[in-house]
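A quick note: this is a predicted structure, and the numbers were derived from the prediction, not measured. Every chain is numbered from 1 and lettered A, B, ... according to where its sequence line falls, protein lines coming before strand lines. Note that these values count all heavy atoms, side chains included, but never hydrogens, waters or copies made by symmetry.
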Amino acid sequence: MRDVAIVSFAQSNAAREDRNEVEILLPVVKAAVASSQLERSEIGFTCSGSSDFLQGQPFAFVMALDGVGAWPPIKESHVEMDGAWALYEAWVKIQTGEVDSALVYAFGKTSSGDLAEVQALQLDPYCVTQLWPDADSVAGIQARLYMERAGRSERDLAEVAARSLRDAQSNPHAVAKGDRDAEKLLAEPYRTSPLRDHDCPANSDGATAIVVMAGERAKTLCERPVWIRGFDHRIDPPALGARDLTRAPSAEIAAARAGVGDDKVDLAELSAPYTHQELILREALGLADDVRINPSGGTLCAHTMMSCGLNRIGDAAQRIAAGEGDRAVAHASQGHCLQQNMVCVLEGE
Amino acid sequence: MANLCGVVGIGQTKYDAKRIDVSMPGLVREAALRALEDADLTFADIDAVVIGKAPDMFEGVMLPENYLADAVGATGKPLLRVHTAGSVGGSTANVAISLITSGIHDRVLTLSWEKQSESNAMWGLTVSPPFSVAVVAGAGGFFAPLIRSYIQRSGAPEDTGIRIALKDRLNALKNPYAHLRIEDIDFDKIASSPMLWDPIRYLESCPSSDGACAMVLAREDLAAKAPTPAAWVHGTSMRSEPTQFPGRDSVNPVAGQLAARDLYRQAGIENPRQEIDCAEIYVPFSWFEAMWMENLGFAPENEGWKMVYEGATALDGDFPVNMSGGVLSSNAIGASGMIRYAEAAMQVRSQAGEHQVEGARKALGHAYGGGSQYFSMCLFGKEKP
């Protein structure tokens, strides 16, 4: 495998935006390219992630590409997935030896509709979607089953929220933040039992961009390149009744194949839109109790759907680059109840 | 190319306006199982799955590959979903090929599909967008002016499009999977069909189809053991350019020219018309065959239509194009690009039955999308590169 490093990362300030996707995205792409110290013409490949259903029209990515620019024509691709999978495609492209570098970006505007309802369109279209189960309620089923299986309480979930909200206070890109202890959080009413507002993601509009470079050149572009040392993704069956919702088997496989357990992990950024999902993932990824989890506040505090997975990778890389640790695990997820999972192991130079 | 990749299995569904006999999972599984059968493999032999389709609004399911994961045997495996507009069937295969050539996986299943009867493609393409004006003209309304511009530039005879449509529709009668098989097709029937978007007539247009196409790819040593000899990948290429800007040539886009040049360079081809035996090209409206012949370097600029007139692109011509009947005969949009690849690979594997080109050794698969701005291509060979 060729060594590939994340050499730059930029993200939008998560919020309900009155700008459209392209307007949110452009400054982010510009910032990532500028801090990579590369000219656009030097970047070998471009790959993006987005969803038409968030934008409410087909070919959301075409409008984005028009904005990002592709002249003279470029080698370019797009996944209808979280941008973390666009990074994976770019990493594969670099592994073929055809290119050495890539610009990867992702965007999503969740505020155009009611996200929890829009996500019902991801379920079985013949038998389940018609019932319009919103994403929060589906996650609530998972939370209930998980708490029963693992002997966890609503307080355990509230502790995850309290820590995330506290950490998010130092993250200018987070939407939900604050200093509230579990006691205070548990006094709030249910949104959908057993989940309260703080257990559910703070939906946000957002865009993320990352530049990656292979080999020695990465060392000339930034002070401390962050190397992708393990990269794997897996998927579980979709039917909610067909799998054990209290675990994430596909995350377990991805973590093992990415080599999470091969060495000490300093910090982890997990795509867990719901509090209980963080606990499921810690178990699936085999993370020790001393691993710093979601120092950014995580997806719970800024759920920028379609870019939050790529954002986790960027967030983790940024902390390693800044010397907050040497080895990080970044995780991305898609689908209801952690159906599809990606694990990326990052190490500082 | 780092590692060699071979196509060892190909599977297609019957294309039809409404495949109400199967659900979406049933449709994709039909193609996947046929591809596995062709390769004499099972889902257990597959390391990863790469799926492609055009906009999710064509079925009304958001990120439907998550819903289809177990139908395509992806449980516990990597599943990627590609979407690059109309070129997606091609670019999906290109991504799958890169999983082999990079050495990451040994065997990959790639599949593209569309079940247009679940929704309405015309609506899906023209849904009123939040920040701009809806045109409600569909793809034909977008491409007709480009064709008109081509006619003006090249001086091509007005019946060029009819001749292309007739050729493809006759070819479709030799393809058991084709959606449109019009037994009494002739020049007059096409010429007298309603004018939809001048100069595009009804019978010069692609249909809306349900269907899926799948290919099993394998690394060199495994591909060499395939029960039916593999189609070897000699090169892949992709290029994109913006939808519009002053001075853009959307009739003969630079992105398409560059992608073709890159492909021929990888495959060591100097004279494409001489060295490539046949091609499956993305032609949703008849005239695009003539336009793409030029864009791909098979004919000098403004002379692509002459290949049609000389009969060069007919099944018995010296450079057959769209032997399967092409997109004009089956158009499950997301699958259409992969069908081009699959049909090209079938030619070099001598699997094309009645529409086989005798002695085909090198065949081109091509797809384009968006406003003639996304291009993906692959060259398949009977021998290893």
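For B:Arg239 (side chain) and A:Pro73 (main-chain N/O), no donor-acceptor pair under 3.5 Å exists by modelled atom type. A donor-acceptor pair is defined here as one N or O able to donate and one able to accept, closer than 3.5 Å; such a pair exists between the side chain of A:Asp66 and the backbone of B:Thr243.
In this structure, A:Glu89 and B:Val95 have side chains that are in contact, with non-hydrogen atoms separated by less than 4.5 Å.
Interface check for chain A: of the options B:Thr75, B:Asn94, B:Asp262, the most heavy-atom pairs under 4.5 Å are formed by B:Thr75. Here A:Ala70 is the residue among A:Ala70, A:Ser77, A:Ser250 with the most heavy-atom pairs under 4.5 Å with chain B. Chain B forms the most heavy-atom pairs under 4.5 Å with one residue out of A:Val92, A:Val79, A:Val68, A:Thr129, and that residue is A:Val92. Here A:Val62 is the residue among A:Ile94, A:Val62, A:Leu54 with the most heavy-atom pairs under 4.5 Å with chain B. Ranked by heavy-atom pairs under 4.5 Å with chain A, the first of B:Gly76, B:Pro25, B:Ala69, B:Ala48 is B:Gly76. Ranked by heavy-atom pairs under 4.5 Å with chain A, the list B:Ile100, B:Thr92, B:Val82, B:Leu80 is led by B:Leu80. Each of A:Glu252, A:Gln95, A:Arg243 has some count of heavy-atom pairs under 4.5 Å with chain B, and the biggest count is that of A:Gln95. Per-residue counts of heavy-atom pairs under 4.5 Å with chain A were compared for B:Gly370, B:Pro253, B:Gly103, B:Ala85; the largest is that of B:Ala85. Among the candidates B:Gly52, B:Ala54, B:Gly60, B:Gly369, the residue making the largest number of heavy-atom pairs closer than 4.5 Å to chain A is B:Gly60.
Between the side chains of A:Gln122 and B:Asn66, no donor-acceptor pair of N or O atoms lies under 3.5 Å. Defined by atom type and a distance below 3.5 Å, a donor-acceptor pair is present between the side-chain atoms of B:Ser240 and A:Glu76.
Proximity to chain A (any heavy atom under 4.5 Å) is shown, for B:Pro78, by both the backbone and the side chain. Looking at B:Ser87, neither its backbone nor its side chain comes within 4.5 Å of chain A, counting heavy atoms on both sides. For A:Met1, the part lying under 4.5 angstrom from a heavy atom of chain B is the side chain only. For B:Phe58, no part lies under 4.5 angstrom from a heavy atom of chain A. In this structure, the portion of B:Leu258 lying under 4.5 Å from any heavy atom of chain A is its side chain and not its backbone. For A:Ile235, the parts lying under 4.5 angstrom from a heavy atom of chain B are both the backbone and the side chain. Both the backbone and the side chain of A:Lys75 have a heavy atom closer than 4.5 Å to some heavy atom of chain B. Using a 4.5 Å cut-off between heavy atoms, B:Phe375 does not touch chain A at all. Contact annotation for A:Ile74: both backbone and side-chain heavy atoms come within less than 4.5 Å of a heavy atom of chain B. With a 4.5 Å cut-off on non-hydrogen atoms, A:Pro237 touches chain B through its backbone and its side chain both. Within the 4.5 angstrom heavy-atom criterion, no atom of B:Glu59 approaches chain A.
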message = Quick one, B:Glu118 with A:Tyr126, criterion side-chain hydrogen bond (donor to acceptor under 3.5 Å, both in side chains). Give me CA distance, side-chain angles, the key distance, then yes/no.
response = CA-CA 11 Å; B:Glu118 298 281 342; A:Tyr126 300 108; 2.7 Å; yes

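In this pair, A:Phe59 and B:His83 present their aromatic rings tilted. The plane angle is within the 30 to 60° band.
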